[in-house]
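Below is one structure; the comments refer to it alone.
Quick note: numbers below take in every heavy atom, side chains included, and nothing from hydrogens, waters or symmetry partners. Because the structure is a prediction, the values reported are computed rather than measured.
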Amino acid sequence: MRNLLRGFASGFILSLAAVLVLSSCGGNNYGLNSSAAGVVSTLVQRSENAYFYGVVTDSHGNVYTSGSSTYCIRKYDTVTSVWSVFAGKCLDYGYNNGTGTDARFAGIYQMAIDSSDNLYVVDSYRIRKVSTAGVVTTLAGGYTQGSADGTGADASFSQPIGIAWDPDNDVLYIGDSNNHAIRKVTMAGVVTTVSDSAGNPYYLAYHAADHTLYISDGGSGHITQTDVTDSFPSAVTDYWNPGGVATQGIALDSGGYLYVNDTTGNKIWKVAPGGGSEVVWVGSGVAGETDANGTSASFNNLKGLAVDSSGNLYVGESSYIRKVTAAKDVTHLYYSLGAPKGIARDSSGNIFYTDNSQHTVMKVTASGEVSLVAGDTGTSGSSLGTGAAANFNSPSGLAIDSSGNLFVADMGNNQIRKVTPAGVVTIAAGTTGGYLDGVVASAKLNQPSDLVFDASGNMYVSDQGNSLIRKITPGGVVSTFVGSFGAQGWIDGTGTDAVINAPQAMAMDSSGDFMLCDYSNYLMRKITAAGVVTTVAGLGGLSGGMDGTGPNARLYSSSGIASDGGSGFYMVDNQLNTIRKVTSDGTVTTVAGPWDIFNSAHGYVDGVGSAARFYGLYRIVGDGSGNYYVTDSGNHAIRKVSGL
């Protein structure tokens with residue numbers, strides 16, 4: 001204990017002196033080794049609870065989607081099956097015209113598309129046009145809301161949501177919800193009011209055959225219609241009144257059938273021309289994300305809706321896009337990222353991650369296509385099963401064995417779960433929370449955070465709640481490898497003589513030794529194959545962001561670590577939002593993201609070294625070629641760091 005106190009006191013003096021020196025320096029790139037700076041780019045990014053209000057298809061069958069809080073438009077190429085950002089910068093709010101990601105949006109709702117495949121977007125108080133080349137311009141509306149007719153910025157809207165294209169007259173119709181009006185916008189930006197008694201117009205669909213505009217009334221749940229050839233203001237009449245249905249997205253097929261999203265009932269209705277013979281076309285009525293046929297499928301918070309020339313529906317929900325074929329088969333087309341946490345990479349280059357807030361295990365291909373491996377999106381639980389029939393509870397770390405099986409540290413269930421390549425989920429270790437060594441069927445873990453395999457197939461688990469490292473043999477025997485049950489602190493030693501505190505991520509170097517993120521001690525600890533624990537970097541109990549060697553370095557919240565292929569490692573700091581290199585002698589340097597003494601330099605910026613920004617880094621994995629992938633939880637993204 002005296003040695004610990006002596007170390008604490010000397011460390012405090014070192015830390016205080018460092019703070020005094022740093023506080024006299026300008027800038028915020030403290031300790032950055034620019035010669036080893038990494039290039040940060042985004043592999044895939046989605047916004048949690050994106051609410052996909054806008055969904056349209058073009059003449060080639062490509063799908064465009066928008067979410068009100070994502071501030072960008074994404075395109076799905078049906079030939080290559082690749083998603084890309086078409087216009088706007090995701091999660092970057094603003095307003096300016098430009099091309100592709102140089103443009104900014106302030107809140108996109110429904111979209112429409114013309115016969116030349118130009119997009120039209122309801123964006124806050126404005127109507128924007130996006131050309132096939134991704135060039136964004138403003139057609140009508142300005143910075144303030146109102147109800148004025150006029151041209152361009154002289155016109156005003158108040159919470160416009162719906163938009164529909166009239167191919168015969170080359171005009172747009174806008175559902176101006178707070179003004180309870182339908183507005184018409186010409187291609188010259190001239191805005192007139194078609195009807196000022198339209199209830200609460202949310203979504204619009206236009207049927208060119210009879211010049212009829214269909215309106216989803218967000219206040220009453222009715223579907224109404226108006227003949228746009230009438231003199232203005234045009235009368236709005238009831239078309240379909242189901243009673244108790246909260247209608248959102250609507251779409252018409254080539255035969256004049258109307259499809260209606262029932263957002264509270266989690267169903268899609270099909271209504272025959274004339275408003276009769278309505279049926280529940282797909283959806284069980286129970287909230288969920290089950291892919292199946294017809295009423296065996298389930299949906300959750302339906303929003304946008306589009307139908308293509310082949311009769312396929314594309315449905316926007318709170319967190320994903322679904323495709324419904326003309327035969328009523330429902331599949332996922334697009335997933336959102338909630339809070340990505342654990343990450344692993346297979347030999348084919350696929351990335352797997354745990355979504356801590358959505359309670360799922362997901363897969364990302366090299367092209368950025370996201371798919372579900374296992375877990376019922378948004379629902380925590382402990383059920384076993386296949387794919388979405390299984391449940392996780394705040395899953396964290398991931399590891400892959402030589403057979404391609406995933407192993408998941410399921411923190412909330414106090415278990416290690418096994419997920420086969422077919423998505424079958426079983427329990428690999430752990431029962432109820434607690435501490436008990438023995439066979440896997442009866443052993444107990446307490447909030448396992450991460451896991452790693454050695455060359456012999458032994459699994460090592462960061463048992464965070466017990467402040468231990470546990471070992472699980474291929475034969476299914478669980479033992480305590482490092483740490484003393486009931487003790488928390490920073491004592492070096494062998495096996496149970498060593499003491500650690502809330503361990504997080506682990507990684508193995510080329511010699512078979514481990515590096516451990518000893519999270520609550522602010523230390524990097526080395527663990528040999530024989531269980532010998534030594535402190536490599538940091539000073540126990542003292543946090544910070546200084547680069548340096550051994551006890552002169554400061555760590556804050558090291559939450560993830562990956563081997564550089566030799567004896568060194570790259571680690572991520574969850575609070576300081578930096579990526580740092582740790583050599584075998586304990587030298588720590590910052591390679592991406594700026595360390596800020598005030599802990600304020602977080603954000604979302606791709607760039608080189610200190611110019612990059614992260615927000616809530618958790619885990620990191622390498623590909624063996626100098627590229628690393630990190631889960632950037634606060635930005636709902638998987639980021640790539642190259643050039644290290």
Side-chain angles (χ1 to χ4, degrees), residues 51-57 109-110 112 161-164 175 177 198-207 209-210 212-226 236-318 320-333:
Y51 293 108
F52 294 107
Y53 290 98
V55 185
V56 295
T57 61
Y109 285 90
Q110 192 180 8
I161 293 177
I163 187 170
S177 64
N200 292 92
Y202 272 20
Y203 286 83
L204 306 180
Y206 182 72
H207 194 214
D210 56 8
T212 299
L213 185 69
Y214 295 86
I215 306 159
S216 168
D217 191 315
S220 67
H222 298 185
I223 303 298
T224 58
Q225 64 178 354
T226 182
V236 176
T237 59
D238 270 342
Y239 177 77
W240 182 59
N241 183 357
V245 172
T247 58
Q248 290 277 356
I250 57 175
L252 287 155
D253 68 15
S254 57
Y257 285 87
L258 184 71
Y259 299 87
V260 182
N261 277 346
D262 178 356
T263 188
T264 56
N266 296 299
K267 310 170 200 172
I268 300 175
W269 295 79
K270 183 176 182 179
V271 184
S277 303
E278 67 272 8
V279 296
V280 176
W281 197 58
V282 287
S284 64
V286 178
E289 65 145 333
T290 303
D291 287 341
N293 181 267
T295 54
S296 296
S298 59
F299 299 92
N300 188 12
N301 208 342
L302 294 158
K303 296 295 183 183
L305 183 64
V307 59
D308 67 16
S309 58
S310 299
N312 300 303
L313 295 184
Y314 297 91
V315 186
E317 298 176 67
S318 59
Y320 26 78
I321 305 294
R322 313 280 284 281
K323 179 180 179 180
V324 187
T325 68
K328 305 183 188 179
D329 291 320
V330 181
T331 56
H332 278 77
L333 192 66

Quiz item: Is a donor on one side and an acceptor on the other found under 3.5 Å between the side chain of Asn261 and the backbone of Gly304?
Solution: yes
Quiz item: Could you go step by step and tell me if Leu305 and Leu313 meet the side chain to side chain contact (heavy atoms under 4.5 Å, CB included) rule?
Solution: CA-CA 7 Å; Leu305 183 64; Leu313 295 184; 4.2 Å; yes
Exercise. Mind telling me whether Tyr214 and His207 have parallel, tilted or perpendicular rings, with 30° and 60° as the class edges?
Key: tilted
Self-check item: Backbone of Leu302 reached by a side-chain donor or acceptor of Thr263 within 3.5 Å
Solution: yes
Exercise. Please check if the side chain of Ser216 supplies one atom and the backbone of Tyr202 the other of a donor-acceptor pair under 3.5 Å.
Key: no
Practice problem: For Asn300 and Glu317, indicate whether the former's side chain and the latter's backbone hold a donor-acceptor pair under 3.5 Å. | Solution: no
Quiz item: When rounded to the nearest 0.5 angstrom, what is the spacing between CD1 in Ile250 and OH in Tyr206?
Solution: 14.0 Å
Quiz item: Backbone N or O of Val286 within a donor-acceptor pair of the Ser284 side chain at under 3.5 Å?
Solution: yes
Self-check item: Side-chain donor or acceptor of Asn241 paired with backbone N/O of His222 under 3.5 Å
Solution: no
Quiz item: Among Ile268, Thr290, Asp291, which one satisfies side chain to side chain contact (heavy atoms under 4.5 Å, CB included) with Val330?
Solution: Asp291
Quiz item: For the residue pair Ala326 and Ser310, what are the closest heavy atoms and their distance?
Solution: CB-O, 4.0 Å
Quiz prompt | Minimum side-chain heavy-atom gap Val280-Trp269 below 4.5 Å | solution = yes
Practice problem: Check the side chains of Thr247 and Asp262 for a donor-acceptor pair under 3.5 angstrom, ignoring hydrogens and angles. | Solution: no
Quiz item: Which heavy atom in Ser177 sits nearest to a heavy atom in Pro201, and how many Å separate them?
Solution: CB-O, 3.5 Å
Exercise. Side-chain contact test, heavy atoms from C-beta onward, threshold under 4.5 Å: evaluate it for Leu258 versus Trp240 and give yes or no.
Key: no
Practice problem: Look only at the side chain of Gln110 and the backbone of Leu204, and say whether a donor-acceptor pair between them is shorter than 3.5 Å. | Solution: yes
Practice problem: Assess whether side chain to side chain contact (heavy atoms under 4.5 Å, CB included) is satisfied between Val55 and Ile321, documenting all intermediate values. | Solution: CA-CA 9 Å; Val55 185; Ile321 305 294; 4.3 Å; yes
Practice problem: Using a 4.5 Å cut-off on heavy atoms from C-beta on, say whether the side chain of Tyr314 contacts that of Asp308. | Solution: yes
Practice problem: Report yes if the side chains of Val307 and Tyr257 come closer than 4.5 Å at any heavy-atom pair, otherwise no. | Solution: no
Quiz item: Can you tell me how far OH of Tyr320 sits from CG of Asn301, rounded to the nearest 0.5 angstrom?
Solution: 9.0 Å
Practice problem: Report yes or no: does Ser298 contribute a side-chain atom to a donor-acceptor pair with the main-chain N or O of Glu289 at less than 3.5 Å? | Solution: yes
Quiz item: Which heavy-atom pair separates Gly199 from Asp217 by the least distance, and what is that distance?
Solution: CA-OD2, 3.6 Å
Practice problem: Could you check if a side-chain atom of Lys303 sits within less than 4.5 angstrom of a side-chain atom of Phe52, using non-hydrogen atoms only? | Solution: no
Quiz item: Looking at side-chain heavy atoms only, is the closest gap between Val324 and Trp281 below 4.5 Å?
Solution: yes
Quiz item: If you round to the nearest 0.5 Å, how far is CG of Asn312 from CG of Asp329?
Solution: 10.0 Å
